[in-house]
Amino acid sequence: MPGVAQLIAIGFVSAFLVSLLICWWLVRHHDVAWLDHPGERSLHQVPVPRLGGVGIWCGVAAGLAACWFNVANILSFSWMVAALLLWLV
C-alpha cells in the first residue's frame, strides 16, 4: 500500500497528464461548433472555446480513479469523495 504522499502524487500526476492531453487534443482538433464566435450581444472580439472545462473535469476523474485503484481502505476513498464535494461547492 503506497503512503499518503505517494497516493497524492499519483493522483496529481495522472490528473495533470489527462488534462494536458485532452486540452491539447481539443485545441488541435478544433471545430466550428466548439468555438463561440462573437456576435452583436457578445463581449469578446475573437472566438473563444466552449469546452474549456472538459479537460479539467476528465483530469479530476482520472486523478480520483488513480487514487481509487491504489486505496485499500474504503474510508480513505470516502474522505476523497467528501473533499471533492466540498471543492465543488
Side-chain angles (χ1 to χ4, degrees):
M1 165 110 182
V4 175
Q6 291 173 337
L7 194 61
I8 291 172
I10 290 169
F12 276 122
V13 168
S14 61
F16 175 75
L17 291 177
V18 168
S19 293
L20 181 71
L21 289 174
I22 289 179
C23 288
W24 173 81
W25 187 82
L26 286 173
V27 168
R28 184 86 171 139
H29 298 94
H30 61 82
D31 191 12
V32 176
W34 295 359
L35 295 175
D36 185 21
H37 293 283
E40 63 271 353
R41 295 183 57 186
S42 63
L43 297 175
H44 54 275
Q45 303 297 324
V46 295
V48 295
R50 291 182 181 174
L51 298 175
V54 172
I56 306 300
W57 282 110
C58 290
V60 169
L64 284 175
C67 291
W68 168 260
F69 290 120
N70 288 311
V71 173
N73 188 0
I74 193 68
L75 184 62
S76 296
F77 182 71
S78 64
W79 280 106
M80 285 190 303
V81 170
L84 176 67
L85 290 175
L86 284 175
W87 180 73
L88 288 174
V89 174

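- Across every non-hydrogen atom of Pro47 and His37, the tightest pair is CG-ND1, 3.5 Å.
- Checked against side-chain contact (heavy atoms from CB on, under 4.5 Å), Val48 has the following partners two or more places apart in sequence or in another chain: Asp36, His44.
- In plain terms, the two heavy atoms of Ile56 and Ser19 that are nearest each other are CA-OG, 3.9 Å.
- The side-chain contact (heavy atoms from CB on, under 4.5 Å) search around Trp24 returns Arg28, not counting sequence neighbours.
- In this structure, Phe16 shares a hydrophobic cluster with Val13, Leu17, Leu20, the cluster being traced through Ile, Leu, Val, Met, Phe, Trp and Tyr side chains under 4.5 angstrom apart.
- Nearest heavy-atom pair, Ser14 versus Ala62, reported as atom, atom and distance to 0.1 Å: OG-O, 3.7 Å.
- A pairwise comparison of heavy atoms in Ser42 and Gly39 identifies OG-N, 2.8 Å as the closest pair.
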